[in-house]
Participant: 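Sending over a structure as structure tokens; questions will come in a sec.
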Amino acid sequence: MLTVLDHPLVQHRMTYLRDIKTQPKLFRELVTELTEFLAFEALKSLNTVEVEVQTPVAKTTGRKVSDDIVLVPILRAGMGMLDAMLHVLPYAKVGVLGMQRNEETAEPVPYYAKVPPAKGDELAIVIDPMFATGGSAVDAVTQLKKLGYRRIVFLCLVTAPEGAANFEKHHPDVPVYTAAKDERLNSHFYIVPGLGDAGDRIFGTL
């Protein structure tokens with residue numbers, strides 16, 4: 001299921017994120033802010049436990065997150081969202097999946113994987129800015145399921161309809177949260193209107 005964050009503050013930041021004039025420093029800041037917005041929306045159903053707390057005035061009860069969480073950025077662009085996720089979830093573990101896009105077929109080519117196997121009911125959060133053909137996301141989630149993960153969420157910034165449909169066909173049980181759903185893919189499998197190559201814009205390697 002695809003959830004698009006329909007909020008003025010998200011739309012405002014997406015406008016600057018798309019702008020070709022936006023330089024890497026501001027681009028990274030916008031990616032961070034949008035990623036945190038996505039995290040707040042996607043993680044509303046985290047499991048919690050009740051705890052007792054002594055305030056300066058009186059005893060009260062609060063709630064603490066009880067889920068074990070593993071963040072899984074897809075290299076390299078997904079690393080641009082990792083700091084924001086760790087700011088929201090500083091106690092999370094981090095796994096990494098490396099995939100390179102074949103420019104002729106647009107299919108993902110895995111080249112690196114370092115993710116801890118699931119031991120119980122951990123929540124894996126896959127992060128990658130662009131959801132174009134959906135190939136990398138499909139492959140990432142497939143790998144995680146083989147490692148024993150039963151609870152998986154995918155966060156991205158921009159989604160193409162083709163990618164969303166492809167992912168839904170392979171992993172209908174995995175919710176997807178995005179900041180924008182765009183029009184289509186072009187003949188080079190880039191999202192239109194999109195924002196260009198997110199990795200290049202995050203790391204300044206245009």
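Counting from 1, the numbers follow the sequence of the chain as shown.
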Participant: Hey, are the side chains of Leu2 and Lys181 touching, using non-hydrogen atoms and a 4.5 Å cut-off?
Facilitator: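 With C-beta onward as the side chain, the pair touches.
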Participant: Go through it in stages, so that I can follow the logic: the residues are Leu34 and Met14, the test is side-chain contact (heavy atoms from CB on, under 4.5 Å), and I'd like the CA-CA distance, side-chain angles, deciding distance and then a yes or no.
Facilitator: CA-CA 8 Å; Leu34 286 165; Met14 280 301 307; 3.7 Å; yes
Participant: Would you say Val65 and Val53 are hydrophobically clustered, going by side-chain heavy atoms of ILVMFWY under 4.5 Å?
Facilitator: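 Val65 and Val53: separate clusters.
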Participant: Does the side chain of Pro73 come within less than 4.5 Å of Met81's, by heavy atoms?
Facilitator: no
Participant: Could you give the distance from CD (Glu36) to CD (Glu41), rounded to the nearest 0.5 Å?
Facilitator: 14.5 Å
Participant: Taking Val126 as the fixed residue, which of Leu97, Leu155, Val153, Leu144 is the one that meets the side-chain contact (heavy atoms from CB on, under 4.5 Å) rule?
Facilitator: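 Answer to the side-chain contact (heavy atoms from CB on, under 4.5 Å) test with Val126 among Leu97, Leu155, Val153, Leu144: Leu144.
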Participant: Show, in sequence, the C-alpha distance, side-chain angles and deciding distance for Val115 and Tyr149, and conclude whether the side-chain contact (heavy atoms from CB on, under 4.5 Å) test is met.
Facilitator: CA-CA 11 Å; Val115 181; Tyr149 288 92; 4.0 Å; yes
Participant: Measuring from Phe154:CZ to Leu38:CG, what's the distance to the nearest 0.5 Å?
Facilitator: 10.5 Å
Participant: Do Asp182 and Arg18 meet the salt-bridge criterion of a basic N to acidic O distance under 4.0 Å?
Facilitator: yes
Participant: Regarding Thr205 and Arg76, is there a side-chain donor-to-acceptor distance under 3.5 Å anywhere?
Facilitator: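 Yes, Arg76 and Thr205 have a side-chain donor paired with an acceptor closer than 3.5 Å.
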Participant: Taking ring-ring contact (aromatic ring centres under 6.0 Å, His included) as the definition, give me every residue that meets it alongside His12, ordered by chain and number, with sequence neighbours left out.
Facilitator: Tyr16
Participant: Would the number of heavy atoms belonging to other residues, nucleotides or ligands and lying under 6.0 Å from CE of Met79 be above 12?
Facilitator: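 12 or below, so no.
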Participant: Can a donor-acceptor pair be found, under 3.5 Å and without considering hydrogens, that links the side chain of Glu122 to the backbone of Gly120?
Facilitator: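 Judged by distance alone, yes, a pair lies under 3.5 Å.
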Participant: Measure across Phe27 and Thr22 and return the closest heavy-atom pair with its distance rounded to 0.1 Å.
Facilitator: N-CG2, 3.7 Å
Participant: Out of curiosity, does Val96 fall in the hydrophobic cluster containing Tyr91 (side-chain heavy atoms, cut-off under 4.5 Å, transitive links)?
Facilitator: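 Yes, Tyr91 connects to Val96 through the hydrophobic network.
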Participant: State, to 0.1 Å, how close Ile125 and Leu89 come at their nearest heavy-atom pair, and which atoms those are.
Facilitator: CD1-CD1, 3.9 Å
Participant: What do you reckon, are the aromatic ring centroids of Phe167 and Phe131 less than 6.0 Å apart?
Facilitator: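 So the answer is yes for these two rings.
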Participant: Sequence neighbours left out, what passes side chain to side chain donor-acceptor pair (under 3.5 Å) with Asn47? Give chain and number order.
Facilitator: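 Counting only residues at least two positions away or on another chain, Asn47 forms a side chain to side chain donor-acceptor pair (under 3.5 Å) with Asp67.
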Participant: Does a side-chain heavy-atom distance below 4.5 Å link Tyr190 with Asp197?
Facilitator: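 Yes; the side chains approach each other to less than 4.5 Å.
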Participant: Ignoring hydrogens, what is the shortest heavy-atom contact between Gly78 and Asp128? Give both atom names and the distance.
Facilitator: N-OD1, 3.8 Å
Participant: Could you check if a side-chain atom of Pro116 sits within less than 4.5 angstrom of a side-chain atom of Val70, using non-hydrogen atoms only?
Facilitator: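 Touching, per the 4.5 Å side-chain cut-off.
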Participant: Kindly give the heavy-atom pair with the smallest separation between Ala77 and Phe203, and that separation in Å.
Facilitator: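 Closest pair (atom of Ala77, atom of Phe203, distance): CA-CE1, 4.4 Å.
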Participant: Determine the sole option in Met1, Lys145, Arg150 for which the side-chain contact (heavy atoms from CB on, under 4.5 Å) test with Asp173 is passed.
Facilitator: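 Single side-chain contact (heavy atoms from CB on, under 4.5 Å) partner of Asp173 among Met1, Lys145, Arg150: Lys145.
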Participant: Check whether the side chains of His87 and Asp83 place a donor and an acceptor atom closer than 3.5 Å, and report yes or no.
Facilitator: no
Participant: Closest approach of Ile191 and Thr159, non-hydrogen atoms and distance?
Facilitator: CD1-C, 4.4 Å
Participant: Does Thr178 reach the main-chain N or O of Leu157 with its side chain, forming a donor-acceptor pair under 3.5 Å?
Facilitator: yes
Participant: Check whether Tyr112 and Ile127 end up in the same hydrophobic cluster, where Ile, Leu, Val, Met, Phe, Trp and Tyr are linked by side-chain heavy atoms less than 4.5 Å apart.
Facilitator: yes
Participant: Between Arg151 and Asp68, does at least one N-O distance fall below 4.0 Å, as a salt bridge requires?
Facilitator: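 Salt bridge between Arg151 and Asp68, a charged N being under 4.0 Å from a carboxylate O: no.
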Participant: Can you check whether Pro129 reaches Thr35 side chain to side chain, under 4.5 Å on heavy atoms?
Facilitator: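 The answer is no, as the side chains (C-beta and beyond) never meet within the 4.5 Å cut-off.
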Participant: Is it true that the side chains of Asn166 and Glu162 contain a donor and an acceptor less than 3.5 Å apart?
Facilitator: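 No donor-acceptor contact under 3.5 Å links the two side chains.
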Participant: Is Leu71 close to Leu82 at the side-chain level, that is, under 4.5 Å between some pair of heavy atoms?
Facilitator: yes
Participant: Taking the side chain as every heavy atom from C-beta outward, state whether Pro193 and Glu183 have any atom pair closer than 4.5 Å.
Facilitator: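 Yes - at least one pair of side-chain heavy atoms lies under 4.5 Å apart.
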Participant: Please answer whether the main-chain N or O of Pro24 pairs with a side-chain N or O of Arg201 as donor and acceptor at a distance below 3.5 Å.
Facilitator: no
Participant: Without swapping roles, check the side chain of Arg13 against the backbone of Glu33 for a donor-acceptor pair under 3.5 Å.
Facilitator: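 No, the answer is negative, given that no donor and acceptor are paired below the 3.5 Å cut-off.
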Participant: Ignoring hydrogens and geometry beyond distance, is a side-chain donor-acceptor pair present between Thr142 and His171 at under 3.5 Å?
Facilitator: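 The criterion, which ignores hydrogens and geometry beyond distance, is satisfied for His171 and Thr142.
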Participant: Give me the atom names and distance for the closest heavy-atom approach of Val10 to Ala179.
Facilitator: CG1-O, 3.7 Å
Participant: When rounded to the nearest 0.5 angstrom, what distance separates CG in Leu46 from CG in Leu123?
Facilitator: 6.5 Å
